[in-house]
Amino acid sequence: MAISITVYVVLVIFLATLIRSSLGFGEALVAVPLLALRIPVIVAAPLAVAVSVIVAGMIVAQDWRNIEIKSAMGLLISALFGIPIGLFLLTHANEHAIKLLLGMLIVAFSIYSMLFRSKVHLVKDHLAWLLGAGFCSGILGGAYGMNGPALAVYGSLRRWPPQRFRATLQCYFFPASLVVLLGYATKGLYIPVITRYFIFSLPGIVIAVLIGRTVNRKIRGDSFFQYVYIGLTTIGFVLIYQAFFRSRIG
């Protein structure tokens, strides 16, 4: 395990964790793609999930009082029904078409929300939106490991304060990521090198979570959701880029 590669992995994990701890989501398109530049995807994906478990667990332990339990459980339960569909899409559907459609929807929602944010507000849990967001997160998680955008959309519709937004999403991510990690382990995909990278990254993970918590607490009101929408828009454009670029070289 070359020292330069280990340092690279530690830095990428730190950056992804800082984003996740600050906003509550958004590390999916940072960790795995950047890690895959230097280590095999079969190592990068389980490593990212292992990091997700520990980050979510730390945030839940820190800020459990801010969690919307009913919302988190509703999102999680409905996601379980979407995961098999996501797995099916992963093996049978046209990846480029799905990413293009998903990217366009995310960008459209984010731009609409930024322009007309006063009209986009759920005062309390709305069953259809709650189950729909959870279901979509399951599909996206099963297909591409991208649960975050659908959850962020629902959190932005609810206008949760930054601390509640962050904590509630982690209450979803912790069990969901743990299930995926156990799945990797049962299939023999969790190999020793992943544990080594994880141990080396652990100090940076702890520091990033603490810094992210401070950043999250300093962001107020509409400013927070502007960052959320910017993050969603970035994810959407990355998906659109991947759909066009990879379809041309594939």
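Worth knowing before you read on, the calculation uses all heavy atoms, side chains too, and leaves out hydrogens, waters and symmetry mates.
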Practice item. To the nearest 0.5 Å, tell me how far T168 OG1 sits from I69 CD1. Key: 7.5 Å
Review point. Which is it for S71 and Y154 under the side-chain hydrogen bond (donor to acceptor under 3.5 Å, both in side chains) test, yes or no, and what are the steps along the way?
Key: CA-CA 10 Å; S71 300; Y154 186 75; 4.9 Å; no
Review point. Do any N or O atoms from the side chain of S177 and from the backbone of V53 form a donor-acceptor pair under 3.5 angstrom?
Key: no
Exercise for review: Return yes if some donor-acceptor pair links the side-chain N/O of Q170 with the main-chain N/O of G57 below 3.5 Å, else return no.
Suggested key: no
**Study point:** Counterpart residues, salt bridge (Lys or Arg N to Asp or Glu O under 4.0 Å), relative to R217 (two or more places apart)
**Key:** D63
Point to revise | Min side-chain heavy-atom separation K218-P162 under 4.5 Å | key: no
Exercise for review: Any chance you could measure N66, atom CG, to I59, atom CD1, to the nearest 0.5 Å?
Suggested key: 11.5 Å
Exercise for review: Would you sort out whether M73 and C171 count as a side chain to side chain contact (heavy atoms under 4.5 Å, CB included), showing the intermediate values?
Suggested key: CA-CA 8 Å; M73 291 302 100; C171 187; 4.0 Å; yes
**Study point:** Pairs involving residues 121-141, ordered by first then second residue, that meet salt bridge (charged side-chain N to carboxylate O under 4.0 Å, His left out) (sequence neighbours left out)
**Key:** D125-R158
Revision key, fill the gap. So salt bridge (charged side-chain N to carboxylate O under 4.0 Å, His left out) across residues 70-87, not counting sequence neighbours, yields none
Review point. If only atom types and distance count, is the side chain of R166 paired as donor or acceptor with the main-chain N or O of S21 below 3.5 Å?
Key: yes
Review point. Ignoring hydrogens and geometry, is there a side-chain-to-backbone donor-acceptor pair from S52 to A48 under 3.5 Å?
Key: no
**Study point:** From I13, V12, T6, residue fulfilling side-chain contact (heavy atoms from CB on, under 4.5 Å) relative to V9
**Key:** I13
